[in-house]
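In what follows, chains carry the letters A, B, and so on, assigned in the order in which the sequence lines appear, proteins first and then strands, with residues in each chain numbered from 1.
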Amino acid sequence: MDYNYREVEKKWQDAWRKNKTYKTGIDRQKPKFYVLDMFPYPSGAGLHVGHPLGYIASDIYARYKRQKGYNVLHPMGYDAYGLPAEQYAIQTGQHPAITTERNISRYREQLDKIGFSFDWDREVRTCDPAYYKWTQWTFIQLFKHFYNNKTRKAEPIQALIAEFEVNGNAGVDAACDPVAPFSAIQWKTMDEAGRQQILMNYRLAYLSDTMVNWCPALGTVLANDEVKEGFSVRGNHPVERKKMKQWFLRITAYADRLLEGLERIEWSESLKEIQRNWIGRSEGATVFFGLKGHDASIEVFTTRPDTIFGATFMVLAPEHELVSQITTPEYATAVEEYVAQAARRSDRERMAEVKTVSGQFTGGYAMHPFSGKPMPVFIADYVLAGYGTGAIMAVPAHDSRDYAFARHFGLEIVEVVTGGNIEEGSYDAKQGRMINSDFINGLEVKEAISTVIARLEQMGIGTRRINFRLRDAIFSRQRYWGEPFPVYYKDSIPYVLDESELPLQLPEVDKYLPTETGEPPLARAIHWQTKEGYPLEHNTMPGFAGSSAYYIRYMDPGNDQALVSKEAVSYWQNVDLYVGGAEHATGHLIYSRFWNKFLFDLGIVVKDEPFQKLINQGMIQGRSNFVYRVKGSNTFVSFNLRKDYDVMPIHVDVNIVHHDLLDMEAFRQWNPEYRDAKFVLEDGKYICGWEVEKMSKSFHNVQNPDDLIERYGADTLRLYEMFLGPIEQAKPWDTNGIEGVFRFIRKLWRLYNGKENEWSVSDEPANDKEKKVLHKAIRKVGEDIEKFSFNTAVSSFMICVNELGDMACNKREILEPLAIMVSSFAPHLGEELWHRLGHTESVTIAPFPQWEEQYVADDLLTYPVSFNGKTRFKIELSAQSTREEVEAAVLSAPEAAKWLEGKAPKRVIVVPGKIVNVVI
RNA sequence: GCGGAUGUGGCGUAAUUGGUAGCCGCGCCAGACUUAGGAUCUGGUGCCGAAAGGCGUGGGGGUUCGAGUCCCUUCAUCCGCACCA
């Protein structure tokens with residue numbers, strides 16, 4: 001008889017639930033620790049083995065921290081709004097809430113089976129009105145605040161209005177859309193519509209008419225992070241540009257704080273780098289170029305003001321507002337055509353044509369601010385309307401794109417920085433001395449930049465400027481299954497609901513489709529209006545709305561008076577350890593940081609950064625198996641013989657392959673097509689080929705945790721997922737190795753139990769050898785957990801159990817601390833052993849054992865002795881030996897003579913406790 | 001193109017951070033027990049070699065008594081961004 005994992009795991013899962021073992025509350029006697037997993041979207045497919053990887057790691061860490069005396073907050077909930085449930089609803093007519101509810105219970109069932117230490121009393125769901133009340137509340141606050149660049153924080157819009165009433169907007173420095181200057185008197189004489197229009201330019205949540213990413217297949221707009229290479233991330237549908245009125249969040253106001261904050265948080269360098277790139281800060285200057293025959297001027301942004309004397313022409317984005325003004329009649333037709341063509345092309349097409357140079361001369365000329373030379377003005381779609389000012393000064397000698405353009409249109413190329421060869425190509429490096437550049441000749445690039453900016457500022461035609469690539473986040477979705485906006489329209493002006501009206505509940509609709517007139521699904525809802533009869537907003541919020549502050553809500557999930565109580569937030573503060581995938585780098589992880597910073601400005605949260613330490617678990621890839629079918633037949637050739645035939649590899653279900661050996665009978669049953677399959681075998685076996693690929697149904701390589709738990713138990717699954725390799729690294733899932741971990745579990749059990757599976761732990765005192773094994777394991781496992789090196793911790797457990805097994809150690813003094821340690825990895829087994837050892841309280845609160853130096857120290861050391869760096873033999877010496885004693889012992893050792901060949905060593909290097917190297 | 005990461009046995013990996021390369025596990029080989037099994041246990045297993053020994057951390061070079069680890073260079077793979085001025 002062996003360890004009965006089925007019975008034991010079930011028993012403790014029930015007991016933990018019943019006793020609320022993982023319930024957490026504020027306890028000021030203990031230090032807090034907040035361990036969080038990324039919010040899962042409960043998909044219909046359920047969990048596969050890749051999903052729980054991070055949850056297992058964080059669970060081990062949470063359990064370890066509890067045993068170390070921390071009060072650990074470790075919650076779980078569901079990001080329940082999302083497109084798949086709604087797509088399903090559209091197809092079937094079933095309410096997405098029903099599908100979502102069903103998927104959630106399936107998730108919960110799967111999660112429970114793995115033995116996580118979540119405090120389920122804190123569960124939140126984004127689609128729960130009690131939850132989204134606070135998502136809506138936060139939106140209202142965003143609407144009612146603006147970002148003051150002077151104080152670098154969000155401030156009430158009321159304060160802005162007060163300022164307008166006294167001084168107009170002249171003294172205001174806010175993150176906003178361009179607003180024409182106005183005086184206090186002008187403000188006071190404005191009507192309501194005028195004032196609201198002005199204020200909209202300042203609000204952190206604002207309505208704006210701009211080009212958006214429109215996805216016709218999904219029937220909604222998407223944020224930039226939801227689009228990849230012109231296709232929607234979800235569903236991979238084409239995305240096009242469209243002008244629409246949409247809600248936005250002014251995340252750009254926080255660009256510099258989002259960038260700076262990265263310096264203070266412990267995230268992987270690559271993740272921070274992705275965010276830095278996404279934010280895309282660049283330093284430079286804006287410069288105004290006067291136009292010939294016009295009052296208007298073209299504003300450009302450049303990071304290379306030093307090259308201004310090399311600017312020989314100007315390029316505007318086709319969408320630029322000055323295009324129509326500067327185009328001369330003779331070019332009007334050509335320009336119109338080019339603009340129309342550019343507008344027609346999707347992002348996708350634009351990207352595909354990156355290499356081809358296209359553009360159109362407008363007939364207009366700008367004037368060089370220093371030389372006064374005329375510069376032809378072109379339009380071209382290599383200049384993006386959405387970045388900088390949508391216009392550039394082209395410096396062909398020092399910008400490869402401008403160079404290609406100039407060559408194509410035969411424009412002048414003037415070298416102004418030494419170091420390259422402009423005959424061959426542009427010289428883009430920011431290194432060299434200025435030439436052909438009037439007052440900056442001879443300067444280094446860096447000095448030239450500041451000199452030019454100073455001159456521009458002095459002349460009043462330019463300023464130093466920091467530009468960001470980050471755009472404001474589109475916050476409207478033309479979908480049903482999302483949070484309704486707490487917004488209504490009065491005379492077409494948007495207003496937010498009073499907080500007392502929250503939550504504004506998602507209404508019922510007859511269909512989850514847009515209306516015949518193209519309105520979003522909420523337009524179908526009857527009486528979708530305020531008490532006073534004003535129409536409510538038809539859009540809903542995007543997926544990231546509900547997931548942006550969920551970690552705050554976990555601190556105080558039942559509170560209906562506030563997002564979070566002062567008490568809870570002052571205790572739990574922020575997330576100490578966040579575990580999840582890197583795919584959220586430019587979405588959730590940016591939005592959350594922004595959202596948190598805003599709430600921080602409001603004094604709702606106490607930490608400026610939400611996630612102090614973040615671990616990205618690597619993706620678990622699938623390991624696919626292949627059979628090799630002889631083309632045009634139903635004969636399959638074993639792996640090593642496939643070269644002798646003309647074969648085609650076919651994916652085969654990994655569940656009918658064991659250690660790459662095909663279960664031929666199962667294969668025949670697997671698919672009717674193969675019922676009469678013939679096999680060409682090697683050594684009587686059919687060996688399959690294999691490859692590492694994405695885990696996917698279509699590759700027949702999906703492993704779900706339920707099957708493995710059924711076969712090996714949850715503890716084995718947990719240990720095996722950790723044993724696979726470093727948590728942050730992507731690695732293939734290979735079930736072949738799980739047996740080894742399963743054996744370990746049983747070996748561990750046998751330390752505590754006799755041959756007949758009878759409990760057999762002795763109270764005899766342990767000897768020094770046994771203590772050494774234990775204490776070394778305590779030290780190693782503790783250190784490994786602290787540095788999230790779970791794979792090496794599992795390996796240390798194996799070493800420890802192997803050694804104790806060899807010693808046939810069954811002593812309580814050793815096995816009790818071992819049970820505590822192992823319980824964070826294998827909680828069911830740990831809890832069972834702990835109780836059998838006679839304890840009545842849960843092992844989760846047993847203190848993690850302390851290791852002692854006296855037990856781990858060795859008195860004899862094995863010195864490897866090398867000659868000229870090559871290890872030749874080993875010698876055992878007392879740990880107390882001095883350098884001289886070691887040297888003498890080594891040189892007089894019998895093995896040494898052979899290598900010394902009678903010569904005296906040139907030098908002997910002794911590193912105490914480590915090695916000896918003899919140089920001859 | 002720019003940025004980040006990773007290259008170690010047949011496979012997943014480890015290496016006290018410059019000090020015995022290959023721990024632990026899988027697989028494989030041999031043996032034991034067996035109602036010859038996709039069970040369990042014991043031993044072996046980097047490569048070449050009969051051995052002595054030699055070679056060996058993607059390749060090349062360097063620093064050092066000593067390099068998987070540091071430096072230079074090069075190749076490969078993965079990821080992110082990409083006409084961002």
Side-chain angles (χ1 to χ4, degrees), chain A residues 2 228-229 268-278 280-282 284 300-304 307 315 350-351 353-357 380-384 386-395 398-402 404-405 428 467-471 582-583 585-586 618-619 621 623 658-661 663 690 692 719-720 723-726 728-744 746 779-780 783 789 791-792 794-799 802 862-874 905-911 913-920:
Chain A
D2 258 331
K228 211 179 150 182
E229 286 168 13
S268 71
E269 205 39 55
S270 69
L271 192 57
K272 288 197 214 177
E273 202 54 36
I274 291 172
Q275 290 214 342
R276 283 190 198 109
N277 290 341
W278 190 258
R281 181 183 195 271
S282 48
V300 305
F301 173 72
T302 176
T303 55
R304 296 294 302 274
T307 62
V315 187
R350 273 174 86 147
M351 255 177 259
E353 288 167 36
V354 163
K355 296 284 176 281
T356 44
V357 177
D381 64 6
Y382 83 92
V383 173
L384 304 177
Y387 182 78
T389 60
I392 61 158
M393 63 174 204
V395 184
H398 305 286
D399 181 289
S400 54
R401 298 152 302 178
D402 297 345
F405 195 85
D428 298 14
N467 209 33
F468 294 94
R469 198 191 77 108
L470 185 74
R471 319 281 170 82
E583 67 271 20
T586 52
M619 239 218 316
Q621 296 145 307
R623 186 182 189 276
H658 304 279
H659 296 309
D660 293 335
L661 291 183
D663 180 336
W690 63 274
V692 171
L719 280 161
Y720 187 55
F723 187 60
L724 230 39
E728 303 202 60
Q729 202 170 295
K731 55 215 161 243
W733 176 263
D734 181 356
T735 320
N736 292 338
I738 200 167
E739 306 272 349
V741 174
F742 189 48
R743 255 174 233 141
F744 161 76
R746 285 180 295 172
R779 179 172 65 179
K780 183 77 164 80
E783 282 171 2
S789 179
N791 55 326
T792 54
V794 175
S795 160
S796 305
F797 277 127
M798 288 176 172
I799 293 168
N802 287 347
T862 307
Y863 280 90
V865 180
S866 49
F867 288 77
N868 289 342
K870 288 194 193 303
T871 310
R872 296 302 180 181
F873 64 91
K874 281 160 199 170
K906 275 191 200 142
R907 200 173 152 193
V908 180
I909 291 130
V910 177
V911 183
K914 302 254 179 178
I915 57 114
V916 179
N917 190 18
V918 182
V919 187
I920 46 172

Using a cut-off of less than 4.0 Å, is there contact between a side-chain N or O of [X] and OP1 or OP2 of [N]?
X: R469(A); N: A82(B); value: yes
X: T871(A); N: A21(B); value: yes
X: S282(A); N: A85(B); value: yes
X: R304(A); N: A85(B); value: no

Hey, does [X] reach any base, or is it just sugar-phosphate, or nothing, if we go heavy atoms under 4.0 Å?
X: E273(A); value: sugar-phosphate
X: R872(A); value: sugar-phosphate
X: N791(A); value: sugar-phosphate
X: I909(A); value: base
X: N802(A); value: sugar-phosphate
X: R746(A); value: sugar-phosphate
X: T389(A); value: nothing
X: K906(A); value: nothing
X: S270(A); value: sugar-phosphate
X: V911(A); value: base
X: Q729(A); value: sugar-phosphate

Given the [atom1] atoms of [N] and [M], what is the spacing between them in whole Å?
N: G9(B); M: U69(B); atom1: P; result: 15 Å
N: A67(B); M: G62(B); atom1: P; result: 12 Å
N: U57(B); M: C47(B); atom1: C1'; result: 13 Å
N: G60(B); M: A76(B); atom1: C1'; result: 15 Å
N: G56(B); M: G46(B); atom1: C1'; result: 8 Å
N: A82(B); M: U64(B); atom1: P; result: 46 Å
N: C33(B); M: A14(B); atom1: P; result: 39 Å
N: U73(B); M: A21(B); atom1: P; result: 29 Å

So if I take every side-chain heavy atom of [X] and compare against [options], which nucleotide ends up nearest?
X: R743(A); options: C65(B), A15(B), C26(B); value: C26(B)
X: D381(A); options: G38(B), C83(B), G25(B); value: C83(B)
X: M798(A); options: A85(B), C26(B), C24(B); value: C24(B)
X: I392(A); options: A85(B), G12(B), U20(B); value: A85(B)
X: Y387(A); options: A85(B), C65(B), G3(B); value: A85(B)
X: P864(A); options: G19(B), G3(B), U20(B); value: U20(B)
X: P732(A); options: C83(B), G12(B), A85(B); value: G12(B)
X: K914(A); options: U20(B), A14(B), U17(B); value: U17(B)
X: W278(A); options: C83(B), C81(B), C24(B); value: C81(B)
X: S795(A); options: C24(B), C41(B), C65(B); value: C24(B)

Would the distance check show the side chain of S866(A) and the main-chain N or O of V916(A) forming a donor-acceptor pair, the cut-off being under 3.5 Å?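 Yes, S866(A) side chain to V916(A) backbone: donor-acceptor pair under 3.5 Å.
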I'd like to know if the side chain of Y863(A) and the backbone of G913(A) have a donor-acceptor N/O pair within less than 3.5 Å.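 Present.
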Both T303(A) and N868(A) contact RNA chain B. Which one's nearest nucleotide lies toward the 5' end?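 The residue closer to the strand's 5' end, by nearest nucleotide, is N868(A).
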Hey, which of these two, L724(A) or I274(A), hits RNA chain B nearer its 5' end, going by closest nucleotide?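 Looking at the nearest nucleotide for each, L724(A) comes out on the 5' side.
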Verify side chain to side chain contact (heavy atoms under 4.5 Å, CB included) between D402(A) and I392(A), making sure each step is shown before the conclusion. CA-CA 10 Å; D402(A) 297 345; I392(A) 61 158; 3.4 Å; yes
What is the distance from CZ of R623(A) to P of C26(B), rounded to the nearest Å?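 Between P of C26(B) and CZ of R623(A): 15 Å.
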What's the CD-P distance between E269(A) and U6(B), to the nearest Å?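 So the two atoms are 12 Å apart, to the nearest Å.
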Side chain to side chain, V357(A) and Y382(A), heavy atoms closer than 4.5 Å: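 V357(A) does not reach Y382(A) side chain to side chain.
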Angle class for the F301(A)/Y387(A) ring planes (parallel below 30°, perpendicular above 60°, tilted otherwise)?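 The rings of F301(A) and Y387(A) stand perpendicular, inter-plane angle above 60°.
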Record whether the side chain of N917(A) comes under 3.5 Å of the base of C65(B) through a donor-acceptor pair of N or O atoms.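 Checked by distance alone, the answer is yes.
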What's the verdict on side chain to side chain contact (heavy atoms under 4.5 Å, CB included) for F744(A) and Y720(A), showing C-alpha distance, side-chain angles and the deciding distance? CA-CA 10 Å; F744(A) 161 76; Y720(A) 187 55; over 6 Å; no
Watson-Crick or G-U wobble mate for [N], both contacts under 3.5 Å:
N: G27(B); answer: U45(B)
N: G3(B); answer: C79(B)
N: C33(B); answer: none
N: G18(B); answer: none
N: U64(B); answer: none

Does the structure place the NZ or CZ of R623(A) under 6.0 Å from the centre of the six-membered ring of W733(A), at an angle of no more than 45° from the ring's axis?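 Because its charged atom misses either the 6.0 Å distance or the 45° angle limit, R623(A) does not stack over W733(A).
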Which is it for G9(B), anti or syn, if anything within 90° of zero counts as syn?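 Base orientation: syn.
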Would you call U17(B) syn or anti, using the 90° rule around 0?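 Classified syn.
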Can a salt bridge be assigned to the pair R276(A) and E273(A) using a cut-off of 4.0 Å between side-chain N and carboxylate O?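 So R276(A) pairs with E273(A) through a salt bridge.
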Over all atoms of both residues, closest heavy-atom pair of V383(A) and V315(A):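 Reported closest heavy-atom pair: CG2-CG1, 3.5 Å.
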